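Step one of this worksheet: look at the structure below.
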Amino acid sequence: MLELGETQSTPAADLVIDGTDGTFATDVIEASQTVPVIVDFWAQWCGPCKTLGPALEAAVQKAGGRVKMVKIDVDANQIYAGQLQVQSIPTVYAFYQGRPVDGFQGALPPSEIGAFVEKIAALGGDTEAEGLSAAIEAANQMLDEGAATDAAETFAAILQEEPNNAAAYAGLVRSYLALDDVDQAEAILNGAPAEISTDPLLEAVHAQITLAREAAHAGPVAELQATVEAEPDNHQARFDLAIALHANGKAEEAVGELLELFRRDREWNDGAAKTQLFTIFDAHDPKDPLVLNGRRKLSSLIFA
């Protein structure tokens with residue numbers, strides 16, 4: 001199972017280090033290929049350095065691993081200070097993808113220090129969000145491959161990191177549906193934070209739960225088909241046939257029967273055919289040809 005905490009954060013002790021001319025290529029040039037690196041050129045005798053250095057360190061720690069900092073004592077390490085034309089200290093350079101991208105000389109007020117660090121951190125993107133996105137993608141793949149239990153564990157771990165992640169909530173619900181635990185799936189959905197309760201992803205799994213509950217009581221397809229063939233105007237039999245077809249993985253056929261029922265009597269049972277069609281549409285990807293074609297055909301019938 002994916003351990004999110006192990007891959008999405010950097011230990012605090014590794015965020016700020018002392019560098020040298022000998023380690024500059026590794027600590028700065030190579031490291032900045034993946035995360036921005038701020039280099040603080042300082043010296044023991046420099047008064048402003050004693051204020052700027054700790055403030056920079058605090059801002060870097062606050063950024064939570066999105067940026068790193070390397071401190072270079074210019075008295076002991078003059079090679080890179082010379083190459084970067086450091087003429088006074090403190091001097092700060094920011095590196096990203098192996099090259100300097102920003103910098104300043106002299107001390108700055110605390111607000112400007114924080115803004116500078118945040119600007120540099122942003123160059124590397126939101127690594128935490130990217131990590132969560134990758135974890136969700138991995139969990140969805142597990143679910144597609146039939147590993148519903150592993151997927152559920154991964155989605156649950158994601159929600160520990162980001163409780164309002166609608167995609168993870170929907171994935172966790174779908175995992176329990178795949179495990180045929182409709183009650184637990186519904187309980188999870190009901191426990192979703194109010195802020196995301198109307199998210200389309202959660203509305204989709206709500207529709208999937210509705211269809212799953214209907215599937216549990218679906219009648220035999222063959223018998224219902226025989227009834228509909230013998231009694232074409234038996235609307236209840238046609239409606240039940242649509243439910244049974246969807247429960248057996250024949251969504252396109254189910255939509256076809258509901259469209260036929262709507263064509264025959266759109267007002268039957270308070271418009272049950274249209275309501276059921278919308279439930280099926282909501283449960284599938286909006287770009288699914290089943291949904292696109294079904295909505296188009298329904299619209300044609302409505303405005304005929």
Side-chain angles (χ1 to χ4, degrees), residues 140 143-144 146 148 166-167 169-192 196-304:
N140 281 325
L143 194 53
D144 291 341
Y169 252 104
L172 188 57
V173 171
R174 289 188 293 108
S175 297
Y176 279 96
L177 286 176
L179 293 168
D180 294 324
D181 193 341
V182 182
D183 289 340
Q184 182 62 18
E186 188 167 39
I188 291 168
L189 179 60
N190 290 339
I196 61 172
S197 61
T198 59
D199 188 284
L201 292 173
L202 295 188
E203 291 180 346
V205 292
H206 180 270
Q208 290 168 24
I209 289 172
T210 299
L211 294 172
R213 291 210 179 280
E214 292 174 347
H217 304 288
V221 171
E223 290 183 16
L224 290 167
Q225 282 179 328
T227 300
V228 170
E229 289 173 4
E231 307 172 33
D233 288 326
N234 187 332
H235 298 335
Q236 185 64 58
R238 192 179 297 276
F239 185 81
D240 292 343
L241 172 59
I243 291 176
L245 286 168
H246 195 278
N248 283 271
K250 298 180 179 180
E252 187 173 353
E253 291 90 334
V255 169
E257 293 296 342
L258 290 168
L259 288 170
E260 176 62 18
L261 174 53
F262 184 83
R263 186 190 68 79
R264 288 174 177 269
D265 187 351
R266 67 180 62 190
E267 300 301 331
W268 176 79
N269 198 15
D270 295 326
K274 185 168 79 169
T275 299
Q276 189 69 12
L277 281 167
F278 284 146
T279 299
I280 292 175
F281 296 157
D282 288 344
H284 290 77
D285 189 315
K287 297 181 181 179
D288 189 320
L290 171 77
V291 177
L292 297 175
N293 293 333
R295 288 188 183 278
R296 178 178 53 79
K297 292 177 180 178
L298 179 59
S299 296
S300 297
L301 290 172
I302 290 175
F303 298 108

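Treat the numbers as computed from the prediction; the structure is a model and nothing was measured.
- One finds the CG atom of Asn234 at 7.0 Å from the OG1 atom of Thr227 (value rounded to the nearest 0.5 Å).
- Within the structure, side-chain hydrogen bond (donor to acceptor under 3.5 Å, both in side chains) contacts touching residues 285-304 (residues at least two apart or in different chains) do not occur.
- Interatomic distance, Leu201 CG to Arg174 CZ, rounded to the nearest 0.5 Å: 8.5 Å.
- Between Asp240 and Gln236, the side chains place a donor N or O and an acceptor N or O closer than 3.5 Å (distance only, hydrogens not considered).
- Here the side chain of Asn248 pairs no donor or acceptor atom with the backbone of Lys250 at under 3.5 angstrom.
- Atom CD1 of residue Ile209 and atom CG of residue Asn190 lie 7.5 Å apart, to the nearest 0.5 angstrom.
- With 3.5 Å as the limit, one finds no donor-acceptor pair spanning the side chains of Gln184 and Asp181.
- The distance from the CG atom of Leu172 to the CG atom of Leu177 is 10.0 Å, given to the nearest 0.5 Å.
- Around atom NE2 of His206, no more than 12 heavy atoms belonging to other residues, nucleotides or ligands sit under 6.0 Å away.
- Among residues at least two apart or in separate chains, side-chain hydrogen bond (donor to acceptor under 3.5 Å, both in side chains) pairs with a member in residues 253-264 are Asp233-Arg264, Arg238-Glu257, Glu260-Arg263, Glu260-Arg264.
- Nearest heavy-atom pair, Ala170 versus Leu202, reported as atom, atom and distance to 0.1 Å: N-CD2, 3.8 Å.
- The closest side-chain heavy-atom distance from Glu267 to Asp265 is below 4.5 Å.
- Between Pro286 and Leu292, the shortest heavy-atom contact is O-CD2, 3.5 Å.
- The two atoms that bring Ala251 and His284 nearest to each other are CB-NE2, 4.1 Å, heavy atoms only.
- Taking each heavy atom of Leu241 and Val221 in turn, the nearest pair found is CD1-O, 3.9 Å.
- For Ala244 against Leu224, the heavy-atom pair with the smallest separation is CB-CD1, 3.9 Å.
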Evaluate the criterion side chain to side chain contact (heavy atoms under 4.5 Å, CB included) for residue pair Asp282 and Glu203; output intermediate values, then yes/no. CA-CA 7 Å; Asp282 288 344; Glu203 291 180 346; 5.9 Å; no

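- Atoms OH and CD1, from Tyr169 and Ile196 in turn, are 6.0 Å apart once rounded to the nearest 0.5 Å.
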Starting from the C-alpha separation in whole Å, work towards a yes-or-no answer on side chain to side chain contact (heavy atoms under 4.5 Å, CB included) for Glu214 and His246. CA-CA 10 Å; Glu214 292 174 347; His246 195 278; over 6 Å; no

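- Here the shortest heavy-atom pairing between Leu258 and Ala242 reads CG-CB, 3.6 Å.
- For the pair Gln276/Ile243, a side-chain contact is recorded, criterion being any heavy-atom separation below 4.5 Å from C-beta on.
- In this structure the side chain of Leu298 reaches within 4.5 angstrom of the side chain of Phe278, judged on heavy atoms.
- In this structure, the side chains of Asp183 and Tyr176 stay at 4.5 Å or more apart for every pair of heavy atoms.
- Phe239 meets the ring-ring contact (aromatic ring centres under 6.0 Å, His included) test with Trp268; sequence neighbours excluded.
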